[in-house]
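Every number for a ligand or one of its atoms is a count from 1 in the order of the listing.
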Amino acid sequence: MQPIDLRTALDGFDAIWSPRIIAYLNDYDIRLAKVAGEHVWHVHNDTDEFFLVLDGEIDIALREPAGERTVTLPQGSVFVVPRGTFHKPSSKAGAAVLLVEPTGTLSVGDDHEEVPDHVDVTTGHPVLD
Ligand code: NI
């Protein structure tokens, strides 16, 4: 295990919606993702999902019992999507995010709408790939 520079790690890949695992923490992955445009509505039944916006700004649409709402996360913001909540991240201008979620968590969750071609269905790729 060597220290990983976030900037270098981000410079090391271009793929959007295709998370890279930069560290493991107990049973969790720390993942980096570049994002642009829309992800897909999906839900993680058994885990919350942590977002930290490193660059740019993202929106996360949420389907909650009271209705649908969208939260906006500028650079430097953190947000946790609760387990069992359908959500769809997006970024108009593109962004980079750091995600924390259990190892093995699928990027499109346990249930999802039709996955567009630009969204990678993955449990995360090792950063050195
Ligand atoms: Ni998610």
Side-chain angles (χ1 to χ4, degrees):
M1 181 84 201
Q2 295 294 328
I4 291 180
D5 177 71
L6 287 181
R7 198 52 50 192
T8 303
L10 284 169
D11 287 345
F13 69 100
D14 291 321
I16 60 164
W17 302 119
S18 183
R20 298 309 197 255
I21 301 169
I22 57 164
Y24 300 94
L25 181 74
N26 297 318
D27 299 329
Y28 279 71
D29 295 345
I30 312 299
R31 304 180 185 177
L32 289 181
K34 289 183 172 176
V35 305
E38 298 201 340
H39 197 250
V40 61
W41 280 106
H42 67 281
V43 63
H44 307 280
N45 291 331
D46 301 317
T47 182
D48 302 339
E49 186 168 43
F50 173 95
F51 292 79
L52 162 63
V53 179
L54 299 172
D55 292 320
E57 180 174 286
I58 71 168
D59 295 316
I60 304 178
L62 302 161
R63 287 181 184 154
E64 297 178 323
E68 192 174 311
R69 71 171 172 133
T70 298
V71 293
T72 297
L73 283 67
Q75 182 175 327
S77 308
V78 302
F79 186 75
V80 176
V81 175
R83 68 193 69 187
T85 298
F86 265 92
H87 57 286
K88 183 175 72 172
S90 64
S91 177
K92 290 187 184 74
V97 297
L98 183 150
L99 304 163
V100 181
E101 50 202 335
T103 298
T105 300
L106 199 57
S107 58
V108 297
D110 302 298
D111 190 14
H112 56 80
E113 295 187 344
E114 187 176 347
V115 178
D117 288 342
H118 66 270
V119 170
D120 187 15
V121 177
T122 178
T123 54
H125 304 278
V127 72
L128 298 179
D129 262 14

Worksheet item: How would you list, by chain and number, every residue that makes a salt bridge (charged side-chain N to carboxylate O under 4.0 Å, His left out) with E113, sequence neighbours excluded?
Response: R63
Practice prompt. Determine the sole option in D110, D48, D46 for which the side chain to side chain contact (heavy atoms under 4.5 Å, CB included) test with R83 is passed.
Written response: D48
Discussion item. Can you tell me which N/O/S atom of H87 has the shortest distance to the Ni ion (ligand 1)?
Written reply: NE2
Fill in: Whether over 12 other heavy atoms sit under 6.0 Å from D27 CG
no
Worksheet item: Taking both backbone and side chain into account, is any N, O or S atom of H44 nearer than 2.8 Å to the Ni ion (ligand 1)?
Response: yes
Worksheet entry | Residue pair T103 / D29, side-chain donor-acceptor N/O under 3.5 Å | yes
Practice prompt. To the nearest 10 degrees, calculate the angle at the Ni ion (ligand 1) involving OE1 of E49 and NE2 of H42.
Written response: 170°
